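Reviewing the structure listed below.
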Amino acid sequence: MAATALAASAAASQSLRNREILDAVGTTAAALSLVGSSFIVLCYLLFRELRKFSFKLVYFLALADMLCSLFTIMGGPANAFYCFAHDYSAHFFCVASFLWTTTIAFTLHRTVVKHKTDVEDFGSIFHLYVWGTSLATTVLRSIGSDYGRPGTWCWIQQGSMGKILHLITFYLPLWGAILYNGFTYYQVNRMLNNATRMAVGISDRSIQSDTRADKKAFNRWGYYPLILIGSWSFATINRLYDFANPGHKIFWLSILDIGFAGLMGLFNSIAYGLNSSVRRAIAERMDVFLPERIKRSLPTLSRLRSQQENELTSLIVESNNRHSNVGST
């Protein structure tokens, strides 16, 4: 009996230490995402020149990431009502985050592949699609859920039906967004390749230069679908494993799950938000307010100001004119 009690006590102590480690990893990752996404939100609010339609989509993506990270950090309340509010709020904004990435992909596809200039007309539709879908999945997830604090944060205690609904309402939209984004960026890449070959065929140096610039920018955008894949692959594997083996947790997989999922907001803020327009706006403010001796010690300042990398905003404005020139030639 004494040996059994000692073993049980050791197991409980190890479980508590594991939970503390998972809490620390999750909170740290969410805090980094909160800082990164808050920075993008602040840039949008402070810099008037960034308030274009393309970056407005990035702003709402960062806003969703910021709130998702905030509610994740606030996890673990003892009160059942706050547990309910935390879990559904985090679910709502996390779903909204990866849905906003699909609106960015749709905008890029419509301007580059479809040669349309009406993307700003979809603003209200985007909001209805993102927030409406997030709300619907959040409400559906409540079916079959019993709230407590069994895991790292204040997540729901689920039976088989609850776990299935969790997979359907969270991971199904997630991987749908990943597949859509991947297919969209593939079509954009193919369009740019075709434009490059056409420009080479007609020996138009200006078109070749524009197309190479777009291609360089796309080399960065092409990695965007990998953000969702990298952030949520371990979480998906962990959920599927938990569904197949209820009650049996793999500690290292849980760490990877919590860590990478928590960093999604940071990854998004770096990839989508820290583009040349943001860096240029920051450099211009530094150029105005910093003393001259400090500016001379920052050799990258002038480079940031003059950098003219062709990214999402410029491509949306210019792609239709360039393709029209190729067609008419």
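Keep in mind the model is a prediction, meaning the values are calculated, not measured.
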Flag yes if Phe234 and Ile250 sit in one hydrophobic cluster, no otherwise; membership is Ile, Leu, Val, Met, Phe, Trp, Tyr, and two members link when side-chain heavy atoms are under 4.5 Å apart.
-> yes
Verify, without hydrogens or angle tests, whether Ser269 (side chain) and Leu266 (backbone) share a donor-acceptor contact under 3.5 angstrom.
-> yes
Find out if a path of hydrophobic residues (ILVMFWY) with successive side-chain heavy-atom gaps under 4.5 Å connects Val41 to Val35.
-> no
What residues, two or more places apart in sequence or in another chain, satisfy ring pair (Phe, Tyr, Trp, His ring centres under 6.0 Å) together with Phe47?
-> none
Classify the side-chain pair His91/Thr138 by whether it contains a donor and acceptor separated by less than 3.5 Å.
-> yes
Side chain to side chain donor-acceptor pair (under 3.5 Å) partners of Thr101, counting only residues at least two apart = Asn181
CZ of Phe251: more than 12 outside heavy atoms within 6.0 angstrom?
-> yes
Is the side chain of Ser33 donor-acceptor paired with the backbone N or O of Gly262 at a distance under 3.5 Å, no angle test?
-> yes
How close do Ala90 and Cys68 get, heavy atom to heavy atom, and via which atoms?
-> O-SG, 3.9 Å
Pairing residues for Tyr171 by the ring pair (Phe, Tyr, Trp, His ring centres under 6.0 Å) criterion, not counting sequence neighbours = His166
Hey, can you pull the donor-acceptor pairs under 3.5 Å for the side chains in residues 125-132, sequence neighbours left out?
from: His127; atom 1: ND1; to: Trp131; atom 2: NE1; distance (Å): 3.1
from: Tyr129; atom 1: OH; to: Thr102; atom 2: OG1; distance (Å): 2.8

Begin with the C-alpha distance, continue with both residues' side-chain angles, and end with the deciding distance and a verdict on side chain to side chain contact (heavy atoms under 4.5 Å, CB included) for Phe55 and Val278.
-> CA-CA 10 Å; Phe55 198 80; Val278 175; 3.5 Å; yes
Please tell me if the side chains of Leu42 and Tyr44 come closer than 4.5 Å, counting only heavy atoms from C-beta onward.
-> no
CG on Leu253 to CG on Asn238, rounded to 0.5 Å | 4.0 Å
Hey, what do you get for OG1 (Thr103) to CG (Leu57), rounding to the nearest 0.5 Å?
-> 4.5 Å
Check the hydrophobic clustering (I, L, V, M, F, W, Y; side-chain heavy atoms under 4.5 Å; chains of links allowed) and say if Leu63 and Leu45 are grouped together.
-> yes
When hydrophobic residues are tied together by side-chain contacts of less than 4.5 Å, even through go-betweens, does Phe183 share a cluster with Leu226?
-> no
What residues, two or more places apart in sequence or in another chain, satisfy salt bridge (Lys or Arg N to Asp or Glu O under 4.0 Å) together with Asp118?
-> Arg110
How are the rings of Phe93 and Phe71 set to each other: parallel, tilted or perpendicular (split at 30° and 60°)?
-> parallel
Evaluate the side chain to side chain contact (heavy atoms under 4.5 Å, CB included) criterion for residues Leu167 and Leu172: first the C-alpha distance (whole Å), next the side-chain angles of each, then the deciding distance (0.1 Å), finally the verdict.
-> CA-CA 6 Å; Leu167 292 174; Leu172 185 61; over 6 Å; no
Is any side-chain heavy atom of Ile164 closer than 4.5 Å to a side-chain heavy atom of Phe243?
-> yes
Residue pair Ala30 / Thr72: nearest heavy atoms and the distance that separates them = CB-CG2, 4.0 Å
To the nearest 0.5 Å, tell me how far Ile270 CD1 sits from Phe39 CZ.
-> 11.0 Å
Looking at side-chain heavy atoms only, is the closest gap between Asp257 and Thr236 below 4.5 Å?
-> no
Val119 and Phe53: which non-hydrogen atoms are nearest, and at how many Å?
-> O-CZ, 3.3 Å
In sequence, state the C-alpha distance, the side-chain angles, and the governing distance for Met191 and Lys114, and then conclude on side chain to side chain contact (heavy atoms under 4.5 Å, CB included).
-> CA-CA 10 Å; Met191 174 63 67; Lys114 299 295 186 181; over 6 Å; no
Polar side-chain atom of Thr137 near backbone of Ser134 as donor-acceptor pair, under 3.5 Å = yes
Could I get the full list of ring pair (Phe, Tyr, Trp, His ring centres under 6.0 Å) partners for Tyr241, not counting sequence neighbours?
-> His248
In a check of ring pair (Phe, Tyr, Trp, His ring centres under 6.0 Å) between Trp100 and each of Phe60, Tyr59, Tyr272, Phe106, which one passes?
-> Phe60
Step by step, would you call Leu61 with Ile104 a side chain to side chain contact (heavy atoms under 4.5 Å, CB included)?
-> CA-CA 9 Å; Leu61 168 64; Ile104 296 173; 4.2 Å; yes
Tyr88 backbone acceptor or donor facing Arg141 side chain under 3.5 Å = no
Kindly say whether the aromatic ring centers of Trp232 and Phe170 come within a distance under 6.0 Å.
-> yes
Which atoms form the tightest heavy-atom contact between Val25 and Gly259, and what is the distance?
-> CG1-CA, 3.8 Å
Straight-line distance of Arg239 CZ to Asp242 CG, nearest 0.5 Å = 7.5 Å
If every non-hydrogen atom of Ser97 is compared with every non-hydrogen atom of Met264, which pair is closest and at what distance?
-> OG-CE, 3.4 Å
State yes or no: do Ile168 and Leu179 share one hydrophobic cluster built from I, L, V, M, F, W and Y residues joined by side-chain heavy-atom distances below 4.5 Å, directly or via other members?
-> no
Heavy-atom check, side chain of Leu228 versus side chain of Leu174, under 4.5 Å | yes
Of all heavy-atom pairs between Thr184 and His109, which one has the smallest distance, and what is that distance?
-> CG2-CB, 3.3 Å
Spatial distance of atom CG (Asp65) from atom CZ (Phe98) [nearest 0.5 Å] | 11.0 Å
Rounding to 0.5 Å, atoms CG (Leu34) and CG (Leu70) come to a distance of 6.0 Å
